[in-house]
Every structure is written in C-alpha cells, then in structure tokens.
Amino acid sequence: MLGVCFVVLLAAFDQALVGVALPRIVADLQGFALYSWVGTAFFLTSAIALPITGRLGDLFGRKPFVLSAIVLFVLASLACAMANSMLMLVIARALQGLGGGMLVGTTFASVADIFPDQQRRIRWQAMMSSAFAIANLSGPSLGGFMTEEYGWRSTFYVNLPIGFVAFIMVLIFLPRVAGSRKPGVRVDWSGALLLGVLISTGLIAIQEGAARGGDGLLSLRFAALLTVVFLMGWLFIRLQLRVAQPILPLHLFKVRAVRLLALVSLCGGSSLFVLIFFTPLLLQAGFDVSPNTSGFLITPLVGGIAIGSLINGRLFTRVHKPHLLLSYGLGCFALCWLAIILLRPGMSHSLIMSVFGVTGLSLGFLFPNLVIQMQAAVARQDVGMASALVQSSRMLGNMAGVAIAGVLVINGYHASLDDVLTRQGRPAQLLQNFADPQVLVNPQLQAELRQQAEERGPEAAAALETTISEARDSLIDGVHAAYWLAWVLAVMSFLLARRVPPMRT
C-alpha cells in the first residue's frame, strides 16, 4: 500500500505543482493561445488511457501496467522540463497524460485486488487520502517556491525521484494478481480505438463550437465534427453490444444511480478543475501577486479537500442517510463559488484563504462519496470498471470545462480591454503590446515596456501604468466569465446529486 501511495503521490503532485507554475511557463514560452491546451492535452489522453488500461488490467493483471505507467509518466515529465516551445510542452503533456491515465486506471483497482472486502478497503482508503493530502497541501506552496527560485522546469524534474521510488516499491512489493481474461476471447482493441477517437473528436468539436461563439456552432467544420462524434458513438455502442468482453460494459448504464453519479462526476469535476486551473492565473496576472504568494493563497483550498475527505469518512458510517453527504457538499460548493467571484484585488490574504479553505472543505465530500456510492450501485465483478467510470467522467469534465473556460477567458479579456482602450483613445501600440495577457505575468517584459515609455516622456509612462492596471481588470473579467460557467456546473451537479437513490449497504 505504501508503494501504491507513492504512485498516487506521483500523479497528484504533478498537477498541484504545474497549476501554480503555468502562468510563468506561458510567459516564458510565449504561447498564451495554448494555455488551456496544457491542461486539455493531459486530460484528453488521460481520459482515453484510463478506461482502456483499467479494462486491460482486469484481463491481464495490473502490475505490468502500473510499472509501465510510472516509466512513461517520468519520461514525459523529463520531456516537459526540456520543452522550448508551448507546442512541445503540449505534446509532452499529452504523453504525460497517457501515463497519468494508466496510473489512475490501475492503481485504484490494485487496492481492490489487495483488499477484496469492501469494508476493509474503505478503511485503507485513509492511506490513499493521506497521499493526496501530502501532495495537495505541499504542492501549491512548493510549486510557487520552486518556480521563483529555480524556474518552472524544476516543477517537472521533481517527478523523477518520486517516480524512481514508486517504481522500485511497486516492483518489489505489489503482488501480481492474475487477470480474468477468458481463454480464446479476443481483446476489444477495436472498441478501444473507437473510444479514443470518440473522446478526442468530441473535445475538438467542443472547442470548435466555443471558439467562435454562436457563429462557430453554425459552421460547416463544427457540423462535420459533430457528425463524426455521433457516427463514432453509434459504431462504438453497436460494437460493445456484440463483443464477448467489451472495453466498456454498457449494462452498467442501466443502473439509474450509475448514470446520475457519472453525470455528477462530469459536472463537478469540470467545475473544480476550472477553479484549480485558472485561479493561479487570476491571482498572478489579475491580482498581481507572485507565484510563491499565489501558491500560499491556494493551499487552504487543496488542504481543505483533504480535511473534508477525512471528516466525510468519519460521518459516512455514523449518519442515517450517508448518500445525502454528496449533495450537501455540492450545495456548499455552489455557494462558495459566489464568494470566490466576489474576490477582488486588495482584499486581505486571510479573507482569500478563508474562502478557499471553506471551498476545499465542501469539495472533500465530493469524490470519496462518488467512488463509494458508485461501487455500492454495481455488482462486485463490476466494481473496478465502475470506479474507472467515475475517474473517466471527471476527466472528461475537466477537458470540456477547461476548453470552454479558456475560450471565455481570452475572449472576455480581449473584449473588455479593447473596449476600454479604444473608448479612451489609447495608441494602437498599447493594444498590440497587451493583446497577449502573458505580459501581466512577465516582469521582464513589463520592465522593457516601462523603459520604452519613460524614454518617450512622463505622459507615456503614466499611460502605460494605467493600461497595465486596466489590462489586469480586463483579465479578471475574463476569468470571472469562466467562473460563472463553473458555478452553473456546480449547481447542476448539486441538483443531479439530489436525485441519486439511497445506496445499498
């Protein structure tokens, strides 16, 4: 179990570090247009690898896939650290996502192999929660410190020693459990391929429709992508109904609780990841705080998730209707979103940290309850696939949420800034300098602009400072547009959770 926790630590630590370092990465590599793709590429490939690897682990045993996932994740982390352009970083993050999806798809199922009894397994989940707590509590602050002191590349290099320890411990201690593949039954490779094409095409269609607003939804390209999505979905369903061992057993979706919990995971995961992914950008570029301070302010959010999970675990066996804990947490999360949207530059750090702390506590009731209730809703032989369904739904929500939110952020920023500068008759050069909001998180570029403005005189210097302030306000408006979308998703997940039937104990 300690080896399994190191594997969990490897995946969770990476996300906590990269989220804080990302604004500085974008400023260094000069590619704000690909900002959302750094997260989207990771979760796209993760969402493809997770159910496929989870199913292959059922058939062939999980230990070889865990070891392969660690090696792939570490090598991809090295590629991320050595990237010299945003495109290279996105490609490396896609490879890293493959490893991350394999890690998640096999590690949680490995715990079910070690502890087949559900009650014992739930007690051992505290150890897994501790691994997440270590990564979530220390990740943002450490990521901010490493970014400032050693550069953003160090946030990827840290995966190398963790991966080495995880590989050695899994290799030596994790038992090899035989798979359940029936002799003579072929692996559903066609289903795996169709599933990958379906997921990737669906995301591209979402981005195509969102990138151009209402006009994008009426474009020929979007219609073609949507047609491919429906065609792939139809072929995938037909194939899964015919094969002896489908990559995704469709009989799970006949259970009402499974359908609702998958939708809750989809909406709730999307809302949460918009918060985690864009909050560092809001704090560093909008509120003008350093990466180190940004990580410090976000720490109560991820720390609250860990504490909330522990509180949830204690309450789950003591309350009369434990299935309602999920909806209570989501209702509180939706209310916390309103408080987050009201945050403004200049507010005390203690107030900002308090808001994020309460938000984290509410989120601690989300994912543990999703897994427990999903496992209770299916037969024992489907527990592994049901657990993978929770993770896959959450990752799909992450991808779609970040893709749409990224469009809202950049469009909102440009619309607000162009309106302000054009209305006040500012020079066209200022509009060009601030077309990419990466200038707001690049101190060196700001210093160059200030030097050029001072050479032109006091009026130009004053106009530049005013423009920087207005650009920060415009970016805040853009991030808030994404935040309102996340609030709607949180409300939807709350309403869906209220309809989930009581779990079978």
Side-chain angles (χ1 to χ4, degrees), residues 19-27 29-40 86 206-216 270-289 291 294 297-298 337-347 352 355-356 398-424 426 430-442 445-446 449 466-490:
V20 176
L22 191 53
R24 189 62 59 87
I25 295 173
V26 174
L29 298 182
Q30 305 287 314
F32 191 86
L34 295 175
Y35 183 94
S36 62
W37 269 103
V38 176
T40 300
M86 281 295 289
I206 291 173
Q207 289 195 319
E208 175 67 20
R212 304 178 185 178
D215 294 336
S270 178
S271 181
L272 169 61
F273 200 70
V274 169
L275 177 63
I276 293 177
F277 198 77
F278 287 100
T279 296
L281 178 67
L282 175 72
L283 296 176
Q284 295 177 38
F287 289 12
D288 192 23
V289 302
S294 170
L297 294 175
I298 298 173
W337 260 120
L338 299 177
I340 293 171
I341 294 173
L342 293 175
L343 294 178
R344 289 294 183 272
M347 289 185 173
I352 296 175
V355 172
F356 285 142
N398 292 344
M399 291 188 303
V402 169
I404 298 174
V407 172
L408 292 176
V409 169
I410 195 66
N411 288 348
Y413 169 76
H414 283 154
S416 179
L417 185 63
D418 291 352
D419 180 66
V420 171
L421 297 186
T422 303
R423 187 173 63 249
Q424 296 181 3
R426 300 285 173 80
L430 283 178
L431 286 172
Q432 182 178 354
N433 289 336
F434 288 88
D436 193 332
Q438 67 185 6
V439 66
L440 301 176
V441 291
N442 192 330
L445 187 55
Q446 291 180 36
L449 291 176
T466 302
T467 303
I468 291 176
S469 176
E470 291 167 343
R472 295 192 188 280
D473 291 339
S474 298
L475 183 64
I476 292 173
D477 291 340
V479 174
H480 280 172
Y483 279 3
W484 280 114
L485 169 67
W487 174 77
V488 172
L489 292 171

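Sequence positions, counted from 1, serve as the residue numbers for this chain. Predicted, not measured: the structure shown is a model, and the values here were computed from it.
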Partners of Ser474 by side-chain contact (heavy atoms from CB on, under 4.5 Å), sequence neighbours excluded? Tyr413, Ser416, Leu417
With sequence neighbours excluded, residues passing ring pair (Phe, Tyr, Trp, His ring centres under 6.0 Å) with Phe273: Phe43, Phe277
Heavy-atom pair of closest approach, residues Ala481 and Leu408: O-CD1, 3.8 Å
How long is the span from the CZ atom in Phe356 to the CG atom in Leu283, to the nearest 0.5 Å? 5.5 Å
Minimum heavy-atom distance between Val479 and Val409, given as atom pair plus value: CA-CG2, 3.9 Å
Hey, are the side chains of Trp337 and Leu489 touching, using non-hydrogen atoms and a 4.5 Å cut-off? no
Could you check if a side-chain atom of Thr279 sits within less than 4.5 angstrom of a side-chain atom of Leu297, using non-hydrogen atoms only? no
On a heavy-atom basis, which atom in Gly401 and which in Ser270 lie closest, and how many Å separate them? CA-OG, 3.1 Å
Please name the pair of heavy atoms, one in Ala339 and one in Val355, separated by the smallest distance, quoted to 0.1 Å. CB-CG1, 4.0 Å
List for me each residue that meets side-chain contact (heavy atoms from CB on, under 4.5 Å) alongside Ile476, sequence neighbours excluded, and say none if there are none. Leu282, Phe287, Pro345, Asp473, His480
Evaluation steps, side-chain contact (heavy atoms from CB on, under 4.5 Å), between Ile340 and Trp487: CA-CA 10 Å; Ile340 293 171; Trp487 174 77; over 6 Å; no
At their closest point, which heavy atom of Gly286 faces which heavy atom of Arg472, and how far apart are they? O-CB, 3.6 Å
Give the minimum heavy-atom separation between Ala405 and Ala482, together with the two atoms involved. CB-CB, 3.7 Å
Spacing of CD1 belonging to Ile352 relative to CD1 belonging to Ile298, to within rounding of 0.5 Å: 10.5 Å
